[in-house]
2 protein chains.
Amino acid sequence: MSETLDATFAALADPTRRAILTMLLEDDMAVTDVADPFEMSLAAISKHLAILTRAGLISQEKRGRVKWCKLEPDALRAASVWMQGFGQFEPVNLDAFERFLEGELGSDTAT
Amino acid sequence: MSETLDATFAALADPTRRAILTMLLEDDMAVTDVADPFEMSLAAISKHLAILTRAGLISQEKRGRVKWCKLEPDALRAASVWMQGFGQFEPVNLDAFERFLEGELGSDTAT
DNA sequence: GCTTTCGTCAACCGTTCGGTTGAATATGAT
DNA sequence: ATCATATTCAACCGAACGGTTGACGAAAGC
């Protein structure tokens with residue numbers, strides 16, 4: 001359990017990996033497409049994806065020659081709960097977040 | 001902001017440091033007392049405390065020859081809010097989401 | 001004063017991390 | 001069959017990590 005937190009927080013400590021997770025929020029992606037926006041070798045991205053997979057934050061499924069990466073947000077729950085234990089701050093500052101979301105959904109309907 | 005998250009998550013990725021934070025949940029503590037339950041040199045604990053301080057997760061104040069360590073749970077907000085973003089499964093515009101987070105956390109964004 | 005306690009600093013050590021390159025392995029397309 | 005695409009593997013690199021030890025400075029105690 002402690003090892004889970006180790007792996008989760010360590011995985012989240014890298015900006016490239018956080019960016020990857022954010023990209024996967026939109027949709028599942030192939031490894032090559034994940035790598036595309038980064039100025040870094042495919043092998044490096046492959047390693048980052050392996051770390052995210054080991055932490056359980058994503059899953060990878062090979063279909064044909066393409067390996068699809070899928071966000072597994074449930075893996076964040078343990079870490080989130082741990083942090084809530086320190087919650088002198090509000091669990092979620094949801095007021096602002098919801099206002100943000102409403103503005104978002106109202107203005108940008110392009111997708 | 002990205003650097004803040006880097007530092008926060010990296011600081012949280014070590015079980016010793018998480019244990020220290022948990023101890024400080026109870027009360028402020030002197031460095032020596034923090035080190036006491038660990039089977040590790042004082043210097044090592046001192047380094048861990050420096051990392052936690054750099055991440056803003058604790059503050060240290062020297063009174064006399066004793067340096068007191070105090071939990072600063074607000075520093076967890078940035079990380080917590082970031083993770084909450086993965087709990088909401090609306091198709092969010094992520095650029096706007098980033099801007100939202102920056103506005104939310106603007107107070108602690110070091111220059 | 002001298003000594004003890006508190007804490008950091010500096011140098012070192014082995015391991016892990018984040019990246020590179022080049023070769024290797026599958027699978028798909030022609 | 002051949003060629004191209006998708007992805008990983010293996011070896012390597014420099015930097016950072018987590019720990020140790022020993023010396024050091026600053027504040028308290030006797």
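In the text below, chain A, chain B and the rest are named by the order of the sequence lines, each starting its count at 1.
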Toward the 5' end of DNA chain D, by each residue's nearest nucleotide, A:Lys47 or A:Arg65: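 Closest to the 5' end, via its nearest nucleotide, is A:Arg65.
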Earlier contact from the 5' end, DNA chain D, for A:Leu49 and B:Ala13: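 First, find each residue's nearest nucleotide; the 5'-ward one identifies A:Leu49.
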Do [X] and [Y] have side chains that get closer than 4.5 Å, going by heavy atoms?
X: A:Ile45; Y: A:Thr16; answer: yes
X: A:Glu61; Y: A:Cys69; answer: no
X: B:Thr53; Y: B:Glu72; answer: no
X: B:Leu12; Y: A:Met83; answer: yes

Under 4.0 Å, counting only non-hydrogen atoms across every strand here, what does [X] touch: a base, just sugar-phosphate, or nothing?
X: A:Arg17; value: sugar-phosphate
X: B:Ala43; value: base
X: A:Leu42; value: base

Between B:Trp68 and B:Lys62, does the side chain to side chain contact (heavy atoms under 4.5 Å, CB included) criterion hold? Intermediate values first, please. CA-CA 6 Å; B:Trp68 292 90; B:Lys62 193 169 179 182; over 6 Å; no
Nearest nucleotide by nearest heavy atom, which residue falls closer to the 5' end of DNA chain C, A:Ala44 or A:Gly64?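 Mapping each residue to its closest nucleotide by heavy atoms, the 5'-most match is A:Ala44.
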Is there a path of hydrophobic side-chain contacts, each under 4.5 Å between heavy atoms, that joins B:Leu42 and B:Ile20?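 They do share one cluster, since a chain of ILVMFWY contacts under 4.5 Å joins B:Leu42 to B:Ile20.
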If two hydrophobic side chains count as joined below 4.5 Å and joins carry through other members, does B:Phe38 share a cluster with B:Met29?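 In one cluster: yes.
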Nucleotide [N], atom [atom2] - distance to [atom1] of [X] in whole Å:
X: B:Lys67; N: C:dC9; atom1: NZ; atom2: C1'; value: 12 Å
X: B:Asp14; N: C:dT15; atom1: CG; atom2: P; value: 18 Å
X: A:Ile20; N: C:dG18; atom1: CD1; atom2: C1'; value: 12 Å
X: A:His48; N: C:dC17; atom1: NE2; atom2: P; value: 12 Å

Extract, from 5' to 3' on DNA chain D, the first and final nucleotides lying under 4.0 angstrom from some heavy atom of chain B.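 It runs D:dG18 to D:dA28.
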I need the residues from residues 31-40 of chain A with at least one non-hydrogen atom less than 4.0 Å from DNA chain C; give them sorted by number, or say none.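 Contacts with DNA chain C under 4.0 Å: A:Met40.
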Nearest 0.5 angstrom please: B:Asp28 CG to B:Met23 CE, how far?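 Interatomic distance, B:Asp28 CG to B:Met23 CE, rounded to 0.5 Å: 12.0 Å.
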Ignoring hydrogens and geometry beyond distance, is the side chain of B:Lys62 in donor-acceptor contact with the base of C:dG7 at under 3.5 Å?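 No, the side chain and the base share no sub-3.5 Å donor-acceptor pair.
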Go through B:Asp74 and B:Arg77 one step at a time and tell me if the salt bridge (Lys or Arg N to Asp or Glu O under 4.0 Å) criterion holds. CA-CA 5 Å; B:Asp74 279 4; B:Arg77 281 185 74 235; 5.7 Å; no
Kindly say if B:Ser46 contacts the phosphate of C:dG7, meaning a side-chain N or O under 4.0 Å from OP1 or OP2.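 Checking B:Ser46 against C:dG7: no side-chain N or O falls below 4.0 Å of OP1 or OP2.
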